[in-house]
Undergrad: 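Below is the structure I would like to discuss, written out as structure tokens.
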Protein chains: 2
Amino acid sequence: MRVLVVEDEQVLADAVATGLRRDSMAVDVVYDGDAALERIAVNDYDVVVLDRDLPLVHGDDVCRHIVHSGLATRVLMLTAAGDVADRVEGLTIGADDYLAKPFAFPELIARIRALGRRAVPALPPVLERAGIRVDPSRREVLRDGRQVPLSPKEFAVLEVLMRADGAAVSSEQLLEKAWDENADPFTNVVRVTVMTLRRKLGEPPVVLTVPGAGYRIP
Amino acid sequence: MRVLVVEDEQVLADAVATGLRRDSMAVDVVYDGDAALERIAVNDYDVVVLDRDLPLVHGDDVCRHIVHSGLATRVLMLTAAGDVADRVEGLTIGADDYLAKPFAFPELIARIRALGRRAVPALPPVLERAGIRVDPSRREVLRDGRQVPLSPKEFAVLEVLMRADGAAVSSEQLLEKAWDENADPFTNVVRVTVMTLRRKLGEPPVVLTVPGAGYRIP
DNA sequence: CCTCAACGACCAGCACCCGCACAGTGCGTT
DNA sequence: AACGCACTGTGCGGGTGCTGGTCGTTGAGG
């Protein structure tokens, strides 16, 4: 397991590093965001333990960079501020996990290991495609900058289609992913919902139909 | 996003479910481990929110089952006991995240979303051969870079021929692979479909006839 | 009590599927 | 060389399944 520790408090950083090394991880340490970005560009880390309050380049920016660059690296945010709003914001930015200082060392290790087990990294928290911006955490959709109000189901359908990354998604799959198990298999809600979704998203069309296969967003 | 909530305290379980539904997630609820295992076997959840202290089948066992079965489903452990040892143990068992009760609801949502943000596992392979590019997931066909619109049947036939990797495929085999089981064995749809396919794909010919054996793409 | 999302029922248009009929082609037999 | 047969290519027309779209009802939440 390859880990990068980014923490400006050198004493803490080194302590964490030695602790992780004792747990058989390969650990690099840097003390500011700039150095972090450098190392990330060069090396291929499994997990980055990232202090949020960094001098020069803020931890949030480092996190955004990692997530946005599509690397397989996972981010564990670390911060002094421990209230809920902070934690939620950290996760919203795109971190894979979040731990508040002071933390118990075994928990840090356990969370790093849990992240290391995940085969694939998180996608960017904001989905963008074909002039549509979807922010799941805010439950907000923008079409060419203008906000579009959607009902929960419409939003769920749009989210599934956006995550499909251009692939066609059948009505059955949409029903499977956006509805719970009580859904009637012979319903036509999906078609109706797709229609209202199309109407709200306006011109030019965003959701295309692929005859015989379902719907897709190019 | 498809979520299963497993929590024996029904009031809490339902509250969580409605909260998540308001956030556009498709939520199923069960109140014990047995039912959880059942649902997991049937449905394909993105995330399972799992109370650790369950009657009958313990949450840990459910978690182990999910991890062991190799599903892409992520587990978020939930528990009343909030000390570090518990959290570490939960993560060690194979949970992807861990949240101690009482928790703030926005944080639960943020963590579920973080878990659900995983990338689609495998990029579907694109079939390429003889100047033809077929992308099954997008239902898209390109001939020398130009897009060719195909009907579902035409697409199905082309896909079978492409996957045959140059080998000849008989009409009977095509009928078997691209049509459902109640197809008339004495039909000539295959011939007709191959014809329209050829016409749409244009010159030079892509689908060749192997007299007595069927069709093939060199 | 009011609003709106969710959803079933229904209709219309159209592309598509496919049966049918016939033409063209290649090969073996006489 | 002529013929017949088996196989293949192609035009045509009808039925129908798929999709877009509307409307009215229901039910939950404010």
Side-chain angles (χ1 to χ4, degrees), chain A residues 139 141 148-161 168-175 177-216, chain B residues 14-15 17-27 139 141 148-158 160-161 168-203 205-216:
Chain A
R139 244 194 62 83
V141 176
V148 181
L150 294 183
S151 80
K153 286 295 179 210
E154 288 155 8
F155 190 91
V157 168
L158 179 61
E159 195 182 341
V160 172
L161 287 173
V169 185
S170 71
S171 295
E172 292 76 18
Q173 287 172 317
L174 281 173
L175 199 65
K177 283 289 171 195
W179 273 261
D180 60 38
E181 62 185 355
N182 304 327
D184 174 14
F186 304 114
T187 184
N188 70 343
V189 246
V190 178
R191 277 170 43 206
V192 174
T193 306
V194 167
M195 208 213 87
T196 60
L197 186 58
R198 275 174 169 154
R199 188 177 353 212
K200 288 189 182 179
L201 291 177
E203 293 294 326
V206 175
V207 181
L208 307 182
T209 103
V210 186
Y215 304 94
R216 79 188 199 93
Chain B
D14 294 337
T18 51
L20 296 182
R21 288 200 187 102
R22 226 194 299 274
D23 217 71
S24 295
M25 302 187 192
V27 187
R139 288 264 166 157
V141 176
V148 182
L150 294 184
S151 81
K153 285 294 180 212
E154 289 155 9
F155 190 93
V157 168
L158 178 60
V160 173
L161 288 173
V169 184
S170 72
S171 294
E172 291 76 20
Q173 287 171 317
L174 279 173
L175 198 65
E176 186 177 327
K177 296 218 180 244
W179 274 262
D180 57 35
E181 71 281 355
N182 40 21
D184 175 14
F186 304 114
T187 183
N188 74 339
V189 248
V190 179
R191 277 165 48 204
V192 174
T193 307
V194 168
M195 197 206 91
T196 59
L197 185 57
R198 275 171 169 155
R199 192 186 327 215
K200 288 190 181 178
L201 290 178
E203 293 295 326
V206 175
V207 181
L208 306 182
T209 301
V210 185
Y215 304 95
R216 75 187 205 91

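Predicted model, so just to flag it, every value in this text is computed and none were measured. Below, read A as the first sequence line, B as the second, and so on, with proteins coming before strands; counting in each chain starts at 1.
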Undergrad: What's the CG-C1' distance between B:Asp14 and D:dA28, to the nearest Å?
TA: 15 Å
Undergrad: Side chain to side chain contact (heavy atoms under 4.5 Å, CB included) for A:Glu159 and A:Leu150? Distances and angles first, verdict last.
TA: CA-CA 11 Å; A:Glu159 195 182 341; A:Leu150 294 183; over 6 Å; no
Undergrad: Where do B:Leu158 and B:Leu201 land on the side chain to side chain contact (heavy atoms under 4.5 Å, CB included) test, with the steps shown first?
TA: CA-CA 10 Å; B:Leu158 178 60; B:Leu201 290 178; 4.3 Å; yes
Undergrad: Side chain of A:Val192 only, please: which of C:dG19, D:dT22, D:dT10 is the nearest?
TA: D:dT22
Undergrad: If each of A:Gly212 and B:Thr18 is mapped to the nucleotide of DNA chain D with the nearest heavy atom, which maps nearer the 5' terminus, i.e. the 5' end?
TA: A:Gly212
Undergrad: If a protein heavy atom is under 4.0 Å from the base, mark B; if only from the sugar-phosphate, S; if neither, -; do that for nucleotides 10-17 of chain C going 5' to 3'.
TA: B-----SS
Undergrad: So which heavy atom on A:Asp180 is nearest to which on B:Arg21, and how close?
TA: OD2-NE, 4.0 Å
Undergrad: In whole angstrom, what separates B:Arg198's CZ from D:dG11's P?
TA: 13 Å
Undergrad: Rounding to an integer number of Å, can you tell me how far A:Phe186 CZ sits from D:dG17 C1'?
TA: 16 Å
Undergrad: Without decimals, in angstroms, what is the distance between A:Phe155 CZ and C:dC4 P?
TA: 20 Å
Undergrad: Let me know the distance between CG of A:Asp180 and P of C:dA6, rounded to the nearest Å.
TA: 12 Å
Undergrad: Which residues pass the side chain to side chain donor-acceptor pair (under 3.5 Å) test with B:Glu176, not counting sequence neighbours?
TA: none
Undergrad: Under 3.5 Å, sequence neighbours excluded: what are the donor-acceptor pairs made by side chains of residues 185-192 of chain B?
TA:
from	atom 1	to	atom 2	distance (Å)
B:Thr187	OG1	B:Val189	N	3.1

Undergrad: Just how far, in rounded Å, is C1' of C:dG8 from CG of A:Leu175?
TA: 14 Å
Undergrad: By salt bridge (charged side-chain N to carboxylate O under 4.0 Å, His left out), which residues pair with A:Arg216, not counting sequence neighbours?
TA: B:Glu140
Undergrad: Please state whether the phosphate of D:dT8, meaning OP1 or OP2, lies under 4.0 angstrom from any side-chain nitrogen or oxygen of B:Thr209.
TA: no
Undergrad: For the residue pair B:Ala156 and B:Ala178, what are the closest heavy atoms and their distance?
TA: CB-CB, 3.9 Å
Undergrad: B:Arg22 has a side chain; which of D:dG30, D:dT22, C:dC20 sits nearest to it?
TA: D:dG30
Undergrad: Would you compute the distance between atom CE of A:Met195 and atom OG1 of A:Thr193 and round it to the nearest 0.5 angstrom?
TA: 10.0 Å
Undergrad: Mind calculating the distance between CG (A:Asp184) and P (C:dC7) to the nearest angstrom?
TA: 10 Å
Undergrad: Going by the rule salt bridge (charged side-chain N to carboxylate O under 4.0 Å, His left out), which residues pair with B:Lys177 if we only count those two or more places apart in sequence or in a different chain?
TA: none
Undergrad: Grab the N/O contacts between the protein and nucleotides 25-27 of chain C below 3.5 Å, and write none if there aren't any.
TA:
none

Undergrad: Below 4.0 angstrom from OP1 or OP2 of D:dC7, is there any side-chain N or O of B:Tyr215?
TA: no
Undergrad: In whole angstrom, give the distance that lies between atom CZ of B:Arg21 and atom C1' of D:dG27.
TA: 15 Å
